[in-house]
Amino acid sequence: MAQKPSLPKGTRDFGPAQMLKRNYILDAIRAVFRKYGFLPLETPAMENLSTLTGKYGDEGDQLLFRILNSGDYLSKTQVSDYTTGSKALTGKIAEKGLKYDLTVPFARYVVMNQHDIAFPFKRYQIQPVWRADRPQKGRYREFYQCDADIIGTNSLICEAELMCIVHEVFDKLNFSNFSVSISNRKVLEGMAEVLNASEQFSTFCVILDKLDKIGQDRVFDELGKIGIETEALNQLDTMLNLPGTNTNKLEALKELFHNSETGLTGVKELEDTFGYINKLGLTEHNLFFDPTLARGLSYYTGTIYEVKPTSIKMGTITAGGRYDNLTGIFGLKDVSGVGISFGIDRIYDTLEELNLFPNENEETTQVLITNFDTESADYALGLLAQLRKVNINSEFYPDSTKLKKQMSYADKKGIPFCLMVGSREIETGEFILKNMSTGEQKSLEFDAIIEELSGI
RNA sequence: GUGAUUGUAGUUCAGUUGGUUAGAACGCCUGAUUGUGGUUCAGGAGGUCGCCGGUUCGAAUCCGGUCUUUCACCCCA
């Protein structure tokens, strides 16, 4: 008895209709990455666990998919490993894991190839990653990341260029209802200094990050619980709700940060970044300095930013930031990088919800030649070859079944034209070309048909 | 990892307090139309009610387990 097939939890098939749309997004992203001078890179699906573990925190380690060793994987274990618990045991029976993101394998690659790489190194990478998370809305166990990173320079011009990339990609996709929030981790450190909470900086960020989710009141409650005083919270309230333009906000922060060197550096970096953005000709309409932005704790040290759609309810669709010491964990110190990651799955959902996918698909077949019988099939194959020679996407129905079935196939596949090549047409040298959307048919010589089809 | 939730035809879903042969819409197949799709009409096929076990004279329905779906938390894209 046949068993019902199924997919592993959190994974999906992408059918032809979905793939055409996904490729539409990926092509746009890839084209812009190339335009800005990024080179492609791919790394293996699996990495040594020693490369992956310890880079994403304890939580992250638990979310790694581990690959069971090949062969007699129990040969290196003892009964005591089993009784000690699964952690001790997995270390001995699994040496490899599926990659968790693209950034750590990239850092591993840069360190391994540091002598061949011309710095600053600009690479883009579009690959699936895997997390053993419990799936939910917008979260899968296998999903794609589209990353571009510049490593080996501190220049804030890179930040500005990444902002241009964001705008250019979404412009290419005819999507304009998004906003970019940008901040700098040094600004957050400045805030923590003003609040006298530098010691608890990472806790401070975790709580602040919940702001748009649980609201300022509850965030302040939690901050109060970790010992931040009411007076300090009043100052924080001021900092988080600065009025005016990006420039106004940064100016105001300078006053508030007069005792925090780190904070002032952060403000300066943001000012410089905005300056470069202007010089690159990008209007700031979709770009906002947001002092409440607190994402990306793990390795970000400077600029941080994220992009969200404004007209619909949707999480972050693109994000990134600067990391000063990611290669340091593999032994290459003082190499700063900054990157961007487009979340194609969420961009897909956004474009779908806003109905922004183009209707026409160049990739689908333009014309279907119908199959009447063996003799006309031989003739039709010659015409098929000629159509393809002039780059008209075309196909020939492989079986000489009823016309009804063949045309129904063309209809379902969205093929705009059917070409009838039967004994009558072969005799007269005029073939019937049927427009499937209007139902109109013309009897034309083959040259005229090519002309008709190329003129689309 | 924690707490909920879902599963019935290819798809989306009905299915009463546990009671005879589990239904609908859409889709699919055949014909009306032997050289014409998308419209219309007539007919037809299609189900281990997720899986395993339990309660019962009797289970799609109640109970337990398991897998799966979706959602929230943790965390993250």
Side-chain angles (χ1 to χ4, degrees), chain A residues 1-12 15 55-64 86-87 99-103 126-147 202 205-207 209-210 213-214 294-300 306-308 314-321 339-350 368-373 376 380 397 400-427 431-443:
Chain A
M1 194 173 299
Q3 60 167 14
K4 271 189 184 170
S6 63
L7 284 172
K9 183 191 280 209
T11 66
R12 302 155 293 162
K55 311 299 185 296
Y56 310 106
D58 289 343
E59 292 274 352
D61 283 358
Q62 285 181 356
L63 297 181
L64 283 171
S86 38
K87 268 188 186 169
K99 67 176 171 237
Y100 181 90
D101 72 355
L102 300 180
T103 316
I126 299 173
Q127 288 191 266
V129 298
W130 294 268
R131 294 182 190 178
D133 207 354
R134 200 177 282 202
Q136 54 177 284
K137 192 182 182 75
R139 297 174 73 168
Y140 305 96
R141 288 186 148 184
E142 179 185 64
F143 62 97
Y144 274 72
Q145 292 192 330
C146 311
D147 282 26
S202 80
C205 288
V206 168
I207 296 172
D209 194 37
K210 297 179 185 170
K213 205 178 228 172
I214 64 174
R295 70 176 308 280
L297 292 175
S298 46
Y299 36 68
Y300 293 126
E306 62 181 35
V307 185
K308 282 183 177 174
M314 178 71 64
T316 306
I317 52 175
T318 295
I340 190 165
S341 183
F342 285 88
I344 177 167
D345 301 280
R346 288 181 180 175
I347 293 173
Y348 182 102
D349 292 342
T350 302
L368 175 81
I369 303 180
T370 55
N371 187 334
F372 285 89
D373 48 51
S376 60
Y397 199 88
S400 54
T401 54
K402 292 173 188 165
L403 260 199
K404 183 186 171 78
K405 184 160 185 169
Q406 302 189 32
M407 299 198 67
S408 165
Y409 168 83
D411 187 53
K412 269 177 208 147
K413 210 171 160 183
I415 298 173
F417 289 96
C418 275
L419 183 61
M420 321 282 182
V421 181
S423 54
R424 285 184 218 156
E425 287 79 12
I426 294 171
E427 202 168 312
F431 309 93
I432 293 173
L433 184 69
K434 175 159 183 164
N435 181 321
M436 294 299 279
S437 54
T438 63
E440 179 197 6
Q441 18 186 93
K442 293 178 191 170
S443 192

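Here is the naming used below: chain letters follow the sequence lines, and residue numbers restart at 1 for every chain.
Following rounding to the nearest Å, A:K137 (NZ) and B:U5 (C1') show an atom-to-atom distance of 15 Å. If you measure from atom CZ of A:R139 to atom C1' of B:A72, you get 11 Å, rounded to the nearest angstrom. Atom P of nucleotide B:U69 and atom CZ of A:R12 are separated by 12 Å, given to the nearest angstrom. Rounded to a whole Å, the CD atom of A:E59 is 10 Å from the P atom of B:C74. The CD1-P distance, from A:I340 to B:A77, rounds to 14 Å in whole Å. Spacing between atom NZ of A:K9 and atom P of B:C71 amounts to 13 Å, rounded to whole angstrom units. In this structure, A:L63 atom CG and B:C73 atom C1' are separated by 14 Å, rounded to whole Å. As rounded to whole Å, 11 Å separates atom C1' of B:U70 from atom OH of A:Y140.
For B:A59 and B:G18, the P atoms lie 13 Å apart once the distance is rounded to whole Å. Between B:A4 and B:G64, the distance separating the two P atoms is 12 Å to the nearest Å. Taking the P atom of each, B:U39 and B:U30 are spaced 16 Å apart, rounded to whole Å. When the P atom is compared between B:U70 and B:G53, the two are found 28 Å apart, to the nearest whole Å. A distance of about 12 Å separates the C1' atoms of B:G23 and B:C49, rounded to the whole Å. For the P atoms, the distance from B:U61 to B:U16 is 11 Å, rounded to whole Å. As rounded to the nearest Å, B:U33 and B:U40 have C1' atoms that lie 13 Å from one another. Look at the P atom in both B:A45 and B:G3: the space between them is 48 Å, to the nearest Å.
From A:Y144, atom OH reaches atom CD of A:Q127 across 8.5 Å, with rounding to the nearest 0.5 Å. The distance from atom CE of A:M436 to atom CD of A:Q441, rounded to the nearest 0.5 Å, is 10.0 Å. One finds the OG1 atom of A:T370 at 5.5 Å from the CG atom of A:L403 (value rounded to the nearest 0.5 Å).
At B:A72, one or more side-chain N or O atoms of A:Q136 fall inside 4.0 Å of OP1 or OP2 (strictly under the cut-off).
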Pairing string, 5' to 3', for RNA chain B - Watson-Crick or wobble contacts under 3.5 Å, brackets [ ] where pairs cross, | to another strand:
((((..(..((((.....[...)))).(((((.......))))).....(((((..]....))))))..))))....
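Taking every side-chain heavy atom of A:Q145 into account, B:A77 is the closest of B:A77, B:C75, B:A72.
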B/S/- contact track for nucleotides 34-43 of chain B, protein heavy atom under 4.0 Å
-BBBB-----
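The residue A:G10 sits close only to the backbone: its heavy atoms come under 4.0 Å of sugar-phosphate atoms, none of a base.
Between the base of B:U69 and the side chain of A:R134 there is no donor-acceptor pair shorter than 3.5 Å.
Applying the side-chain hydrogen bond (donor to acceptor under 3.5 Å, both in side chains) test between A:D133 and each of A:R141, A:Q62, A:R139 identifies A:R139 as the sole match.
The minimum heavy-atom distance linking A:E142 with A:T11 is given by the pair CB-CG2, 4.3 Å. Residue A:R12 comes nearest to A:D345 through the heavy atom pair NH2-OD1, 2.9 Å, listed as atom of the first residue, atom of the second, then distance. Here the shortest heavy-atom pairing between A:R131 and A:D101 reads NH2-CB, 3.8 Å. Across every non-hydrogen atom of A:G439 and A:K434, the tightest pair is O-CE, 3.8 Å. Nearest approach of A:F372 to A:S400, heavy atoms of both residues: O-CB, 3.5 Å.
When the nearest nucleotides of RNA chain B are assigned to A:S341 and A:Q62 by heavy-atom distance, the more 5′-ward of the two goes with A:Q62.
A tilted orientation is assigned to the rings of A:Y56 and A:Y100, their planes being inclined by 30° to 60°.
Checked by atom type, the side-chain pair A:S376/A:D373 shows a donor-acceptor distance below 3.5 Å.
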